[in-house]
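First up is the structure itself, then whatever we jot down about it.
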Protein chains: 2
Amino acid sequence: MITMKDIALEAGVSLATVSRVINKKDNVSAEVREKVERIILEQGYNPNNAARALAKKRTNTIGVVVNNLHDPFYHDLIRGFEDGVQNTSYKVIFCSVLGGDVDMKESYIKYLTNGVVDAVVLYGSYQSDENIVKYIRDTDLNYVMIENDIKELNCNKLLIDNYNGSIKAVEHLISMGHRDIAYICGNPNKKVFVERLNGYLNAMQNNNMHIEDGFMQYTTTDYHSGYEKMINLMNLKSKRPTAVLCADDAIASKAIMAAFDLGLRVPDDISIMGYDNQTVLPDKYRGPNITSIAQPLFEIGQESIQLLVDQLDNNKRNDYIRKIYDTYLVEGETVKSI
Amino acid sequence: MITMKDIALEAGVSLATVSRVINKKDNVSAEVREKVERIILEQGYNPNNAARALAKKRTNTIGVVVNNLHDPFYHDLIRGFEDGVQNTSYKVIFCSVLGGDVDMKESYIKYLTNGVVDAVVLYGSYQSDENIVKYIRDTDLNYVMIENDIKELNCNKLLIDNYNGSIKAVEHLISMGHRDIAYICGNPNKKVFVERLNGYLNAMQNNNMHIEDGFMQYTTTDYHSGYEKMINLMNLKSKRPTAVLCADDAIASKAIMAAFDLGLRVPDDISIMGYDNQTVLPDKYRGPNITSIAQPLFEIGQESIQLLVDQLDNNKRNDYIRKIYDTYLVEGETVKSI
DNA sequence: TTCATCAATGCAAGCGCTTTCATATATTAT
DNA sequence: ATAATATATGAAAGCGCTTGCATTGATGAA
């Protein structure tokens, strides 16, 4: 391995001088700078980042940790990160926590925050991960947490207005003439699903719509069970809904499958709405475009990075941001006016 | 920041001893070990990875660099990486090269290979990136290159048999009774598309099938132009194909859109095949499941990591592997027997 | 001419950890 | 009891870089 020492020797200057030209300090004479640069090129020298990080306490890189990076849900978010780092002097590295395993998550965060990155952006649930929350609190790096409003954490928070998102969804259905609107909820342990649920409930109430018996379904395990919940809804003895709002598009895709399998046409026989406006859906979903509530994930990804870059470059350690992003309706082909 | 020194002081032992318990060396007495461990926990100490990397010349992490990480194409590959690292002592970090920009790629590779990872897996084209190839050749890290058979590079290579994949595709179409089979080629500057094209050409020849005038279409720019190429094919004055083989699923999805827009039913009026068996497709594709040639991307991801972990753990620096993976046919709903 | 100032460079400490080697103590064999 | 061996620990060098401080020579002011 070729080191700075080799370059210094070859150039007949001190380590310090080589370091100066590498770091583009201006107090080096033109001739020396040129010579050193030439030799660096000739020898194909590259600085060792571990040594650099140790000496400077800076790495010029930002870490991102998400659960299941392979999940198509992250598509837009990742694009945002990729884009955000463009034209900055920073690099981004991604870590994936398989299955959202808490220990793995903790270990990745500790890894990153101890000498490998200058700041980290976190997506995923952390409410219940006491250790991690405590760790983050005690660490003096810059963080941005996306969709994670943990009070005891004093860091950048980028949130999405899930509550009003659901309200938009319900009001869209109402505007299309629906009154019997059922809901398939996601895992109620997750903050986003609670917020979306509340949005639904309040929107229904505020518009004087009655939620019939059986109109509220909760997915068990994961989105797959959206299928059976839809079957449940369609088999209701009493009153059948004319529209079903789902907590996310993955669930909606399953609900649509269920409707098809029951011989129902979407949206002619039943209207279905999703949430997330996922660019790509799991399981080779091939149904109609789902009418959905979209979140500005690309922008959020972008701004996460921009925010951190700005804070790092300007040594802003303590003026954190808290921002709530609006959602918007994207009309697909799964809601009919009645 | 709390360091090993603090722990040593508090525990009344030397730095060396603390280092030993952290690294689980066995030559530390039980009492001392316990005490040190307790104090580490109490103080919430975490070792600095930069310092460690510098001292050990090992980081226990593997780097992955791909173009456009957000591309749904990587879905299965990423799952493979995630899975491969399970139950090992290694971490994986992902770097995304937006737009496949050569300079950015080079900078990420240099970054990773100088003190941040122990090995790297590369996916993307490198044939023409002389600098990078040269750099990799001169660097003594372990690499695995996926789908990149660069002769002058002596490293692990995991390849896919694109040529025979195309042959399988053509033979499937033949077995379904097709004789007039057109082809929409991908960017002929990319190795995979050349191989696939050759497979098509040879399969046609070997089966004594004639390739009519106009049956070969080349996409310009990217997969989007698959749309117009399909229109071209369907408007052929002379003879019209009964089946169209596309160089990948993204192109096929566009071809299907084109067929629809021309009022043709797939597969009743025209059969279409893709290649890649992409789990998720771009642009909210909502057509029928595409009959396609699948690649074992998950396995390739998995094995990339396993290979490297094995080589790192056993200090195998020089017995590299070269493996060619088979493809397989996945029947969808876009090919009709005639 | 002499002194203050400045630009260019080198010296050396230090970043936080690992590891070799030496040392001291405990254990076993004789 | 003594020598030989094993075990537990510490001292210190070193990993490759950055940076504050000191030094040198040159430049300009007085």
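Residue numbering restarts at 1 for every chain, and letters A, B, ... go by the order of the sequence lines.
- Straight-line distance from the CG atom of B:Leu15 to the P atom of D:dA11: 9 Å, rounded to whole Å.
- Across all non-hydrogen atoms, the minimal contact from A:Ala53 to B:Ala50 is CB-CB, 3.7 Å.
- Between B:Asn27 atom CG and C:dT25 atom P the separation is 18 Å, expressed in whole Å.
- Among the heavy atoms of the strands lying under 4.0 Å from B:Val13 are primed sugar atoms or P, OP1, OP2 only; no base atom is included.
- Atom NZ in B:Lys56 sits roughly 13 Å away from atom C1' in D:dC15 (whole-Å rounding).
- Candidate nucleotides C:dT9, D:dG10, C:dG16 were compared by shortest atom distance to the side chain of A:Arg20, and C:dT9 ranks first.
- Between D:dT9, C:dT9, C:dC17, one nucleotide has an atom nearer to the side chain of B:Ala51 than all others, and that is C:dC17.
- Between the P atom of C:dG16 and the CD1 atom of B:Ile22 lies a distance of 14 Å, rounded to the nearest Å.
- Cation-pi check for B:Lys105 over B:Tyr126 is met; the charged atom lies under 6.0 angstrom from the ring centroid and within 45 degrees of its normal.
- At least one test fails for B:Lys91 against the ring of A:Tyr108: distance under 6.0 Å to the centre or angle within 45° of the axis.
- The A:Thr17 side chain lies nearest to C:dG10 when the options are D:dT18, C:dG10, C:dT18.
- Residue A:Met1 contributes atom CE, which lies 10 Å from atom C1' of D:dC15 at whole-angstrom precision.
- A cation-pi arrangement is absent between A:Lys157 and A:Tyr320, since the terminal nitrogen or guanidinium carbon is not both under 6.0 Å from the aromatic centre and inside a 45° cone about the axis.
- Note on A:Arg52: every side-chain N or O is 4.0 Å or more away from OP1 and OP2 of D:dG16.
- Nearest to the side-chain atoms of B:Ala55 among the listed nucleotides D:dG16, D:dG10, C:dT18 stands C:dT18.
- In this entry the distance linking CG of B:Asn114 with P of D:dC17 reads 9 Å, nearest Å.
- One can place CG of A:Asn23 at 9 Å from C1' of D:dC17, the figure rounded to the nearest angstrom.
- Listed nucleotides: C:dC17, C:dC15, D:dG10. Nearest to the side chain of A:Leu54: C:dC15.
- Among the nucleotides C:dT9, C:dC17, D:dC17, the one closest to any side-chain atom of B:Pro47 is C:dC17.
- Separating the CG atom of A:Leu9 from the C1' atom of C:dG10 is a distance of 14 Å, rounded to the nearest angstrom.
- Residue A:Ser19 has its side chain nearest to D:dT18 when only D:dA12, D:dT18, D:dG16 are considered.
- With rounding to the nearest 0.5 angstrom, the CD atom of A:Glu106 is 10.5 Å from the NZ atom of A:Lys134.
- Comparing D:dC15, D:dT19, C:dT18 by their nearest atom to the side chain of A:Lys25 picks out D:dT19.
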